[in-house]
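Report on the structure given below.
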Amino acid sequence: NVYGCSGCGAEKLLPESATRALPSSSAATMAEEKMRGDGITLGRNLLSTISLLWSVARLPQRKISYLLGSLHGLELSPATVGHALENVSESLEAFQERVRKGINRSGAANFDESGMPVAGRRGWIWVAATARYAFVQVAMSRGRGVLERYFPGFKGVAIVDGWKPYRSFFSLIQRCWAHVLREAEVLSLRASDKEEAEALLSSLRGIFQETRSGLEEHPPPNRKLHYRMLRKLRALLSREYTDADVHKFVSKLKAASSDLFTFTMHRGVEPTNNHAERELREPIVHRKIRGQLKCEKGIAIFSRLMTAVST
């Protein structure tokens with residue numbers, strides 16, 4: 001609803017309850033001041049509403065313009081909506097930097113990435129997440145350079161999948177058990193020797209469950225459990241496997257074996273990368289709806305607003 005003030009006579013006012021502020025209302029306040037300087041007066045609540053309609057409701061600028069006009073009688077063109085998003089994005093730059101630094105200082109963080117088209121080229125959505133922060137950034141590379149740029153001082157445990165740049169960049173890694181078990185499940189369905197693949201899957205599940213049960217009784221750091229389960233896994237992987245696909249999978253696990261039990265030695269480290277995958281879901285939904293980002297400003301808006309609403 002749109003209201004008028006009986007005291008001052010102002011019209012077309014949005015109530016506080018009609019909007020939800022961004023993580024820091026100062027971002028919308030700064031954007032409000034900038035737009036006023038540009039000759040356009042959009043209040044903090046309206047800027048927050050536009051940002052949330054774009055990021056949380058996933059509406060395009062054209063529909064945001066239509067919605068504000070239909071519900072509140074506010075005549076804003078799609079271009080003005082885009083300008084508002086750009087100014088909110090600029091105001092969120094410092095907030096995103098604080099999130100990045102918070103993750104950089106953390107003792108453990110989840111990292112993941114997924115494709116994102118940018119102006120017809122292949123880009124990537126990168127996510128780094130802790131219990132408190134979620135950093136989202138679109139980059140034009142999936143390589144080590146992105147990690148060097150945004151997380152040069154990270155000294156904690158990186159919870160990751162098997163993508164090679166993670167292993168070459170981070171000194172302390174927890175490989176995702178969910179990825180390992182999913183890959184083993186797929187292998188059990190398509191391997192020529194299904195009995196061999198199913199036996200391997202069953203053994204891997206048993207090792208994982210035994211490790212988690214051991215930590216419930218004796219939480220990290222548990223050096224005894226760490227070395228016992230590592231020996232058990234390596235004994236399993238040292239067996240002779242006749243199926244070519246199983247043999248290839250086992251070779252990959254051998255290379256990763258030393259990174260699969262890091263969570264037994266560090267408190268607060270998860271054995272899976274599910275947290276980062278959950279944080280990627282919303283950006284991926286945006287990708288499916290929007291198709292692609294078109295310019296550097298679009299990358300900034302997407303990255304900063306996704307960081308804000310995720311954190």
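Since the structure is predicted, the reported quantities are computational estimates derived from the model, not experimental observations.
Counting all heavy atoms, side chain and backbone alike, Ala119 lies closest to Lys294 at CB-O, 3.8 Å. Taking both residues in full, the closest heavy atoms of Ser51 and Leu85 are given as CA-CD2, 3.9 Å, listed atom of the first, atom of the second, then distance.
By the 6.0 Å and 45° rule, Arg205 does not stack over the aromatic ring of Trp177.
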Legend entry - Audit row: Arg122, Trp124, side chain to side chain contact (heavy atoms under 4.5 Å, CB included) steps and yes/no: CA-CA 7 Å; Arg122 188 81 181 268; Trp124 298 90; 3.3 Å; yes
Inset, instruction - Determine, step by step, whether Glu210 and Arg228 satisfy the salt bridge (Lys or Arg N to Asp or Glu O under 4.0 Å) criterion, reporting the C-alpha distance in whole Å, the side-chain angles of both residues, the deciding distance to 0.1 Å, and the verdict. - result: CA-CA 11 Å; Glu210 184 178 345; Arg228 187 176 86 240; 3.7 Å; yes
Legend entry - Test salt bridge (Lys or Arg N to Asp or Glu O under 4.0 Å) applied to Arg212 and Glu216, step by step: CA-CA 6 Å; Arg212 297 192 72 174; Glu216 289 177 2; over 6 Å; no
Inset, instruction - Given ring pair (Phe, Tyr, Trp, His ring centres under 6.0 Å), test Phe135 with Phe151 step by step and report yes or no. - result: CA-CA 11 Å; Phe135 176 83; Phe151 303 102; 5.6 Å; yes
Inset, instruction - Report the C-alpha separation of Asp243 and Lys194 in whole Å, then their side-chain angles, then the decisive distance to 0.1 Å, and conclude whether the salt bridge (Lys or Arg N to Asp or Glu O under 4.0 Å) test is met. - result: CA-CA 9 Å; Asp243 186 275; Lys194 286 187 169 35; over 6 Å; no
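For Tyr150, the OH atom sits in a packed shell: over 12 heavy atoms of surrounding residues, nucleotides or ligands are nearer than 6.0 Å. In the displayed structure, Glu296 atom CD is contacted under 6.0 Å by at most 12 heavy atoms of other residues, nucleotides or ligands. Counted within 6.0 Å of NZ on Lys254, heavy atoms from surrounding residues, nucleotides or ligands total more than 12; the atom is thus considered enclosed. The number of heavy-atom neighbours closer than 6.0 Å to CZ of Arg58, taken from other residues, nucleotides and ligands shown, is above 12.
With 3.5 Å as the limit, one finds no donor-acceptor pair spanning the side chains of Glu279 and Tyr133. A side-chain N or O of Thr80 and one of Ser77 form a donor-acceptor pair less than 3.5 Å apart.
With respect to Arg281 and Glu277, no salt bridge is recorded, no charged nitrogen being found less than 4.0 Å from a carboxylate O. Glu97 and Arg304 are not joined by a salt bridge, as no carboxylate oxygen comes within less than 4.0 angstrom of a charged side-chain nitrogen. With respect to the salt-bridge test (charged N to carboxylate O, under 4.0 angstrom), the residues Glu282 and Lys288 do not qualify. Look at Arg175 and Asp161 and you find no salt bridge, because none of the NZ, NE, NH1 or NH2 atoms lies under 4.0 Å from a carboxylate O.
Met265 and Ile173 are not part of a single hydrophobic cluster, where members link through side-chain heavy atoms under 4.5 Å apart. Hydrophobic clustering of Ile, Leu, Val, Met, Phe, Trp and Tyr side chains at less than 4.5 Å, counting indirect connections, unites Leu68 with Leu71.
Residues Asp193 and Val246 have side chains not in contact (no heavy-atom distance under 4.5 Å, counting atoms from C-beta outward). At least one side-chain heavy atom of Arg287 sits less than 4.5 Å from a side-chain heavy atom of Ser114.
Checking side-chain atoms of Ser65 against main-chain N and O of Leu76 turns up a donor-acceptor pair under 3.5 Å.
Between the OG1 atom of Thr307 and the CG atom of Leu92 there is a distance of 9.0 Å, given to the nearest 0.5 Å. The structure places OG of Ser89 at 5.5 Å from CD1 of Ile301, a figure rounded to the nearest 0.5 Å. Of the inter-residue distances, the one linking Gln174 atom CD with Thr264 atom OG1 reads 8.0 Å to the nearest 0.5 angstrom. The NZ atom of Lys63 lies 12.5 Å from the OG atom of Ser70; values are rounded to the nearest 0.5 Å. Taking CZ of Arg105 as the start and CZ of Arg100 as the end, the distance is 9.5 Å to the nearest 0.5 Å.
Checked against the 6.0 Å centroid threshold, Phe154 and Phe111 count as a close aromatic pair. In this structure, His179 has its ring center at least 6.0 angstrom away from the ring center of Trp163.
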